[in-house]
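To start, the structure under review is shown below, and the notes come after it.
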Amino acid sequence: MSEINKLKILNDPIYGFISITNPLVYDLIQHPYFQRLRRISQMGLSYLVYPGAHHTRFHHALGCMHIMQKTIQVLKFKGVEISEEEENALCIAILLHDIGHGPFSHAMEHSIVENISHENISILFMDSLNKTFDGRLSLAIQIFKGNYHRKFMLQLISSQLDMDRMDYLKRDSFYSGVAEGNINSERLIQMFNVKDDMLVIEEKGIYSVEKFLVARRLMYWQAYLHKTSVAAELVLTRILKRAKELTHNNKILPASEPLQFFLKNKIEADDFNDEVLKTFSYLDDFDIISAIKSWQFNDDFVLSELSKMIINRDLPKIRMQAEKVSKEEVSALRRNIIQKQGITEKEAEYFVFRGKIKNQAYNKQGEPIHILKKDRTIEDVVDASDQLNLKALSKEVTKYYLCFPKVLLEKAAI
């Protein structure tokens, strides 16, 4: 294919037309490692709550690249020197920032693979692609890892106001229909600047930053940490955990070859050689859903019942509260289900469990969002804002949950 044919325009429902202006970016998008993101949902099982939330990580990655292009244009217009090589590296780094996500990512990180985050797997994919493309991703990887001398470039990719967050808030808000999450990304992009190698927002953009932080908080409570979404993800984690347990006890479960591999083997960070990475790249949402569809008919009560909960959207009851759930309450509910279903104590733990979730829209202890004031001084957005609610948004809020099957509602006064 001639180079000119690799310059493409894609139509996106959020931003309109997205341009692929670099042949290398085109080749990366065409690579099977990136194409798999078409088959990985951006919001996991949130479509069980918001029926429209079926968009993918492929959508999100392209959106991030688009707003990175726009931000670079703005910064260059304001006199920030960014070379063509740096520009390409920034676009590649943000395009590939989520390439390490597995199917239903956060559930996968705690069950199929162990002690390795999707960020680390992203780096492994980038390193592999760098070999394929003769070292042309080296600068992108350097920036992504935070090893490049121009620190503001990492802030564009990973910070409290980065391209990733700006796209997922706007995109997830659009597809879920949760209007409170919508942000004015155009305005935020126009307000970006760089001072002393730091990414800053010009003072007149402070209200857009406030809206961004409020939107982030509301999207977490209304979408990402919606109690039904939380319950669904917890059930999925337990399905995969049970499948792995049964496989280790020599029970053969119907599943695709890549999924069989991860069920049979304990895969941690040190185990990720080229072959394991390639096997991981064959996994997507379809492997998991297809397996769960089969497992709902399995003769193992735990695996079968949990699988039916996802397939039929008959999820457990989840109760959120401000105080920690007592061990006594959990034990009482477990005794109840043991008696009702004739299962063991260990099996009951799959159906009745407790835990906690946290939400913090802005981390005052982390790297701050810098506001560039008119007198050219820099201030943390919380200190620069006249809105008291930003101080509240920087406090971590913890909620405790209790999950149990609806069948227990008949006997448990809850």
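We count residues from 1, following the sequence as given. Given the structure is predicted, the values throughout are model-derived calculations rather than measurements.
- Of the possible polar contacts, none joining the Arg171 side chain to the Met166 backbone as a donor-acceptor pair under 3.5 Å is found.
- Taking 4.0 Å as the cut-off between side-chain N and carboxylate O, Glu180 and Arg216 do not count as a salt-bridged pair.
- Considering only heavy atoms from C-beta on, Thr56 stays 4.5 Å or farther from Ser41 through its side chain.
- Here the CG atom belonging to Leu75 is positioned 10.5 Å from the CD atom belonging to Glu87, to the nearest 0.5 angstrom.
- Note: Arg335 CZ to Gln339 CD = 10.0 Å, rounded to the nearest 0.5 Å.
- Judged by distance alone, with hydrogens and angles left aside, the side-chain atoms of Ser19 form no donor-acceptor pair with the main-chain N or O of Thr21 at under 3.5 Å.
- Applying the salt bridge (charged side-chain N to carboxylate O under 4.0 Å, His left out) rule to pairs touching residues 43-54 yields nothing, sequence neighbours excluded.
- Annotation: side chain of Ile112 is in contact with side chain of Leu263 (closest heavy-atom distance under 4.5 Å).
- Under the 3.5 Å distance criterion, the side-chain polar atoms of Arg313 are matched with a main-chain donor or acceptor of Leu48.
- Side-chain atoms of Gln160 and Glu367 include no donor-acceptor pair closer than 3.5 Å.
- Around the CD atom of Gln321, the shell of radius 6.0 Å holds more than 12 heavy atoms that belong to other residues, nucleotides or ligands.
- For Lys266, the NZ atom counts as loosely surrounded, since its 6.0 Å shell holds 12 or fewer non-hydrogen atoms of other residues, nucleotides or ligands.
- Note on residues 267-281: pairs passing side-chain hydrogen bond (donor to acceptor under 3.5 Å, both in side chains), not counting sequence neighbours, are Asn115-Glu268.
- For the 3.5 Å distance criterion, the side chains of Glu85 and Ser83 fail to qualify, holding no donor opposite an acceptor.
- Side-chain atoms of Ser229 never come within 3.5 Å of backbone atoms of Tyr224 as a donor-acceptor pair (strictly under, hydrogens ignored).
- Taking both residues in full, the closest heavy atoms of Asn298 and Ser304 are given as O-CB, 3.4 Å, listed atom of the first, atom of the second, then distance.
- Here Ile143 contributes atom CD1 and Arg150 contributes atom CZ; the two are 9.0 Å apart, rounded to the nearest 0.5 Å.
- Between Ala215 and Asn182, the shortest heavy-atom contact is CB-O, 4.3 Å.
- A donor-acceptor pair under 3.5 Å is absent between the side-chain atoms of Asn359 and the main chain of Val397, judged by distance alone.
- Looking at Ile121 and Leu277, their side chains come closer than 4.5 Å, going by heavy atoms from C-beta outward.
- Note: Leu315 CG to Leu234 CG = 10.5 Å, rounded to the nearest 0.5 Å.
- At least one donor-acceptor pair closer than 3.5 Å links the side chain of Gln35 to the backbone N or O of Ile29.
- Nearest heavy atom pair, residue Met65 against residue Ile20, reads CE-CG1, 4.4 Å.
- Between Ile18 and Ile9, the closest side-chain pair of non-hydrogen atoms is not below 4.5 Å.
- Sorted by first and then second residue, the salt bridge (charged side-chain N to carboxylate O under 4.0 Å, His left out) pairs with a member in residues 37-57 read Arg39-Asp284, Arg57-Asp98; sequence neighbours excluded.
- Between the side chain of Arg334 and the backbone N or O of Val352 there is at least one donor-acceptor pair closer than 3.5 Å.
- Atom NZ of Lys70 has 12 or fewer neighbouring heavy atoms from other residues, nucleotides or ligands inside a 6.0 Å radius.
- Shown here for Val276 and Ile267, the closest heavy-atom pair between the two residues is CG1-CG2, 3.9 Å.
- Counting heavy atoms from C-beta on, the side chains of Phe58 and Gln42 never come closer than 4.5 Å.
- Residues Glu347 and Arg242 are paired through a salt bridge, judged by an N-O separation under 4.0 Å between the basic side chain and the carboxylate.
- Checked against His60 for a ring-ring contact (aromatic ring centres under 6.0 Å, His included), the options His101, His55, His97 give a single hit: His97.
- The nearest pair of heavy atoms linking Met219 to Ser176 is CE-OG, 4.3 Å.
- Counting only residues at least two apart or in different chains, side-chain hydrogen bond (donor to acceptor under 3.5 Å, both in side chains) contacts with residues 131-144 comprise Asn130-Ser138.
- Between Asp314 and Lys308, none of the side-chain N atoms (NZ, or NE/NH1/NH2) sits under 4.0 Å from a carboxylate O, so this pair counts as no salt bridge.
- A cation-pi contact, defined as under 6.0 Å to the ring centre and within 45° of the axis, is absent between Lys356 and Tyr401.
- Val381 places none of its side-chain heavy atoms less than 4.5 Å from the side chain of Pro368.
- Within a 6.0 Å radius of NZ in Lys251, more than 12 heavy atoms belonging to other residues, nucleotides or ligands are found.
- Judged by distance alone, the side chain of Trp295 and the main-chain N or O of Ile239 form no donor-acceptor pair under 3.5 Å.
- Atom CD of Gln155 and atom CD1 of Ile369 lie 10.5 Å apart (nearest 0.5 Å).
- Checking Tyr50 against Asp172 by side-chain atom types alone, no donor-acceptor pair falls below 3.5 Å.
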**Full working for side-chain contact (heavy atoms from CB on, under 4.5 Å) between Phe144 and Met126** = CA-CA 10 Å; Phe144 186 82; Met126 285 187 199; 3.7 Å; yes
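- Between the side chains of Glu86 and Tyr148, at least one donor-acceptor pair of N or O atoms lies under 3.5 Å.
- Residues Ile338 and Thr344 fail the side-chain proximity criterion, which asks for heavy atoms closer than 4.5 Å.
- The backbone N or O of Lys264 sits less than 3.5 Å from a side-chain atom of His248, completing a donor-acceptor pair.
- Listed by chain and residue number, Lys78 satisfy the salt bridge (charged side-chain N to carboxylate O under 4.0 Å, His left out) test with Glu202 (two or more places apart in sequence, or in another chain).
- Between the CD1 atom of Ile94 and the NE2 atom of His66 there is a distance of 13.5 Å, given to the nearest 0.5 Å.
- Judged purely by distance below 3.5 Å, without hydrogens or angles, the side chains of Asp287 and Ser256 pair a donor atom with an acceptor atom.
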**Request:** Check the pair Leu154 / Lys151 against side-chain contact (heavy atoms from CB on, under 4.5 Å), numbers first and verdict last.
**Result:** CA-CA 6 Å; Leu154 175 63; Lys151 295 301 174 193; 5.8 Å; no
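- When all heavy atoms of Ala291 and Leu259 are compared, the pair lying nearest together is CB-CD2, 3.6 Å.
- The shortest distance between side-chain heavy atoms of Asn193 and Val80 falls below 4.5 Å.
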**Asked** Given the rule in the side-chain contact (heavy atoms from CB on, under 4.5 Å) test, do Leu402 and Leu333 qualify, once you have shown the distances and angles that lead to the verdict?
**Response** CA-CA 10 Å; Leu402 173 65; Leu333 286 165; 3.7 Å; yes
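- Using modelled atom types, one finds a donor on one side chain and an acceptor on the other under 3.5 Å when comparing Asp380 with Tyr362.
- In terms of modelled atom types and a separation under 3.5 Å, the side chain of Lys6 and the main chain of Asn22 share no donor-acceptor contact.
- Scanning for salt bridge (charged side-chain N to carboxylate O under 4.0 Å, His left out) contacts around Glu396 gives Lys358, with sequence neighbours left out.
- In this structure, Tyr47 and His54 have parallel ring planes: the angle between them is below the 30° cut-off, well short of the 60° mark.
- Salt-bridge annotation for Glu349 and Arg238: absent, with no side-chain N of the basic residue lying under 4.0 Å from a carboxylate O of the acidic one.
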